[in-house]
Amino acid sequence: MREPILALVDLPNSTIRPAPVDFRPMSTDRTLTISTTRRGTAQLWSRTLIPTTREAPNDAEVPSHVLLHRAGFIRQVGAGIYDYLPLAWRTLRKISDIVRDEMNAAGASEMLMPALEPFELFKDTKRDQTYGDNLFRVHDRRGRINALAPTHEEVITELLRGCVNSYTQLPLNLYQIQTKFRDEARPRAGLLRCREFIMKDAYSFHLDVDGPGGLNEAYDAMFRAYSNIFARCGLDFSAVEAESGPIGGSASHEFMVNCSSGEDTVLKCPVSGYAANVEKCEIGLRPAPSKGYFAGDPSGTLEEVHTPGCPGIDDVCKFMKVKPQHMLKSVLFKVQSTPEQVAKFGEEYILAVVRGDHEVNEGKVKALSGCTDIALADPVEAIAKGFAIGFVSPRAAVGKKGVLVLVDRDAAIGFDDAAGKSKFWVTGGDKKDYHVKHFNWQRDLGKDPLAANAQGENKGGLRGGDDYLMVGDVRNALEGDPSPRADNTKLVAARGIEVGHIFKLGAKYSDAMGLRVLDEKQQKRSVIMGCYGIGVSRTMAACVEMSHDADGIIWPAALAPFHVLITLMKPDDPRQSQASLALSRDLTAAGIDVLIDDRDERAGVKFKDADLVGLPIRLTLGDKALDAGGVEFKARKGPAGAKPEVVPMGESVARCVAGLNG
RNA sequence: CGGGGUAUAGCGCAGCUUGGUUAGCGCGCUUGACUGGGGGUCAAGAGGUCGGCGGUUCGAAUCCGCCUACCCCGACCA
């Protein structure tokens, strides 16, 4: 067996398995000094676990999954469950450290809550329902149900209820970095959608929304902190307006790592800087048709077409040889009324109509209708009410009480200005297996819909209101749509991976759980909350998605598990190993983390692994460079065929520092 | 939850259609020799409940049934 490199540092000869190396600088002065400067760490490749592989498992498809596996960062344990090996854990720690740094600087305090929670807590906020099957349930020995926490709003609100009762204790911002659990319907894409993942979640508490100490102030501080965090991580990211989703609340922003393989679509205005998730994105002013909405003669006689087994737009288009943009898509929502409301107004529905090639946006339907509590109608129930699901047209609403029709601007066209003729519409036949062509708004809804609206005819509408039909924006924005923030500017689409999300929650959780404080006027007031999440493990994967090449990962210096890899050409050679130890001492003293590849492998293997693992700088120590009194310096990120450069030993630390900062 | 697919050594795969000695191949691993700056060569090895259970059969990796796990598309998704 070859002489271990470690024997170079006076170690007892008796140790078979080498003891940890003392990488501290040799000094005659053994006085302990306290330093606030971070010292880098050094690690021998042969004495840690970095199981690189030439091939990835067949299961891995996305680049981050393949590369994190091949480079020895992660191993899969089960669906959506992974081991974080030493390199991964170092990177995760680096992310967490940056997160802590910025959260603390923004006035938040770190704490830790349990992963296991009594199930009752989720019943209090009805999230046992809204989270549904995504909530992991655990039965204990007494048959009680516990939840594995997917997030901690309930726990922290409950905590605060017990210890905060005066406005003088607010505002507060508390956070934790912890493993979260979600029983995802379909875990996928390696670390990007897991059932167990590491997350930073923060919760802020306020007496007011506005003013000093208010929610808006904390929200803005978190927005800045998040921007700092992702910038310091070295990520290319965008902050975009977002839908707040089932967690509830008003304003919300997502932080997206810009990456073509991302599964979220964002739309950006190149002029104003406005950016939003496709689910949230507003659409700017769309030019109204010259003759007005719904105006235009029929393109022909309303004609029924037998379309057996074609409930979907695609099926009909194929069957009838018509383009989706000539179809009307009608999507039925049911208003979620209380029993009292049902007694007063009956069952109520909203029919959203968009062009066949567009998608209905539920948030916009809520906004335009003024109904915040709606859900896709149950097909069976809807059919019983006379809506032929799959074959519904706007005509289905005519004559029915308690139905509001929302028509997207692009679907409310009667005369096609661009084509210079009446619009040809295909839509549902309102009975199973039939569609109609030559649909015309004015003729087939009985009268000019907007005029009928104004005159209170047609007897539709919600909650006794007058409108039975409204025209507006009820569809998802698309690339090329007008920007809502700049004239004559089109929205541009981009893909991203969500790594952070901040919300203004309001009093949703505090009201549900009775978290109230006494204000200066002795009044009980609901506490206003915000919550702020960062997917730590997802950030690591997103970084790899964003930054890799055919050879492997390319880590930004801030997230690299080690900053510098010293590749020893001949670990057995005393001159080389001695030089590597001296070099690593100097580097760690300068705060640089060093991995020394001391394996007895061929050069090719070591270089391939170096590229795969992707540390920012590789220093190669071999006879060539040593004879020249230096070390070879090569940046991982750089021109593909760049020749390594020999740097004099004395300048190597400075070069590394410069390379890492640059 | 709907649709599709896969399961054979640590990883990637062949064998199955048409059942039949000891289940193969590449990578990796161990030992040795030669090598030594981009996954080297040669030699000798170790490593398998063929995902599980049941059935058919003289005989099952192979045929049949059930189950499980994992992956992909969709639905879903702070």
Side-chain angles (χ1 to χ4, degrees), chain A residues 1 51-62 65-66 69-70 72 75-81 125 127 130-135 149-154 180 182-190 192-195 197 199-203 242-249 251-255 263-264 277 279-280 312 314 362 376 498-505 508-509 529-535 538 551-552 567-573 576 597 599-612 618 620-627 632 634 640-641 643-644 646:
Chain A
M1 196 178 165
T52 58
T53 63
R54 196 189 296 240
E55 287 180 281
N58 181 260
D59 288 348
E61 291 211 343
V62 298
H65 189 186
V66 169
H69 179 101
R70 288 193 51 214
R75 283 294 184 271
Q76 181 166 5
V77 176
I81 309 170
T125 55
R127 284 215 294 177
T130 51
Y131 238 97
D133 289 339
N134 273 9
L135 195 61
T151 170
H152 281 77
E153 281 81 4
E154 286 83 359
K180 292 286 162 35
R182 270 201 223 156
D183 198 357
E184 287 286 347
R186 186 151 92 83
R188 59 169 169 271
L192 290 173
R193 184 164 298 275
C194 279
R195 295 197 296 167
F197 54 98
M199 180 170 180
K200 187 278 308 184
D201 49 328
Y203 307 91
E243 207 49 70
S244 47
I247 202 156
S252 158
H253 283 85
E254 284 171 336
F255 288 77
E263 61 176 2
D264 286 300
N277 192 302
E279 290 153 20
K280 176 74 178 177
D314 291 344
E362 193 172 321
L376 265 185
E498 177 193 357
V499 289
H501 203 156
I502 59 178
F503 301 85
K504 294 182 185 176
L505 285 180
K508 176 175 172 175
Y509 290 91
M529 293 173 59
C531 79
Y532 319 93
I534 289 179
R538 184 188 273 187
D551 294 319
T567 301
L568 264 176
M569 297 311 300
K570 290 182 194 161
D572 293 336
D573 176 29
Q576 290 190 17
D597 188 353
R599 295 174 300 165
D600 185 19
E601 287 286 353
R602 298 179 64 85
V605 173
K606 292 185 166 204
F607 291 147
K608 284 287 184 191
D609 276 350
D611 290 343
L612 188 56
R618 186 182 88 202
T620 307
L621 266 179
D623 287 334
K624 279 188 204 168
L626 279 176
D627 288 346
E632 275 172 38
K634 187 172 187 298
K643 287 249 163 119
V646 177

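Below, chain A is the first sequence line, B the second, and so on; all start at residue 1.
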* Structure fact -> Note: for A/Ala60 and A/Asp623 on RNA chain B, the residue whose nearest nucleotide lies more 5' is A/Asp623
* Asked: What does B/rC25 pair with, Watson-Crick or G-U, if both distances are under 3.5 Å?
  -> B/rG12
* Structure fact -> With the side chain defined as heavy atoms from C-beta on, A/Arg195 is closest, among B/rC70, B/rG37, B/rG36, to B/rC70
Close N/O contacts between protein and nucleotides 1-9 of chain B (under 3.5 Å):
none

* Asked: Who pairs with A/Lys606 by salt bridge (charged side-chain N to carboxylate O under 4.0 Å, His left out), at least two apart in sequence or on another chain?
  -> A/Asp597
* Asked: Between A/Glu254 and A/Ser252, does any side-chain donor sit less than 3.5 Å from a side-chain acceptor?
  -> no
* Asked: What's the closest nucleotide to the A/Ala79 side chain, out of B/rG12, B/rG38, B/rC71?
  -> B/rC71
* To do: Please report, rounded to the nearest Å, how far the P atom of B/rC76 is from the CG atom of A/Asp264.
  => 14 Å
* Asked: How would you list, by chain and number, every residue that makes a salt bridge (charged side-chain N to carboxylate O under 4.0 Å, His left out) with A/Arg538, sequence neighbours excluded?
  -> none
* **Results of side chain to side chain donor-acceptor pair (under 3.5 Å) for A/Glu61 - residues two or more places apart only** => none
* Asked: Counting side-chain heavy atoms from CB outward, which of B/rG37, B/rG38, B/rC77 is closest to A/Lys634?
  -> B/rG38
* Could a donor-acceptor pair under 3.5 angstrom be found where the side chain of A/Asp611 meets the base of B/rG38? -> yes
* When every nucleotide of nucleotides 39-47 of chain B is labelled 5' to 3' by its protein contacts under 4.0 Å (heavy atoms), B for base, S for sugar-phosphate only, - for none, what sequence of letters results? -> BB-------
* **No-H, no-angle donor-acceptor pair, A/Arg188 side chain to B/rG74 base, under 3.5 Å** => no
* Asked: Base, sugar-phosphate, or nothing: which does A/Gln76 touch, judged by heavy atoms less than 4.0 Å apart?
  -> sugar-phosphate
* **Contacts of type side chain to side chain donor-acceptor pair (under 3.5 Å), residue A/Thr620, not counting sequence neighbours** => A/Arg618
* For A/Glu154, what residues pass the salt bridge (charged side-chain N to carboxylate O under 4.0 Å, His left out) criterion, not counting sequence neighbours? -> A/Arg127
* Excluding sequence neighbours, so at least two apart, what forms side chain to side chain donor-acceptor pair (under 3.5 Å) with A/Lys570? -> A/Asp623
* Structure fact -> A/Asp264 meets the salt bridge (charged side-chain N to carboxylate O under 4.0 Å, His left out) criterion, sequence neighbours left out, with none
* With both distances kept under 3.5 Å, what pairs with B/rG2, Watson-Crick or G-U wobble? -> B/rC73
* To do: Any chance you could lay out the ring pair (Phe, Tyr, Trp, His ring centres under 6.0 Å) test for A/His501 and A/Phe503, step after step, and finish with the verdict?
  => CA-CA 7 Å; A/His501 203 156; A/Phe503 301 85; 4.0 Å; yes
* Contact class for A/Ala610 vs. all strands (heavy atom < 4.0 Å): base, sugar-phosphate, or nothing? -> nothing
* To do: With the side chain of A/Glu61 defined as its heavy atoms from C-beta on, choose the nearest nucleotide among B/rG38, B/rG12, B/rC71.
  => B/rC71
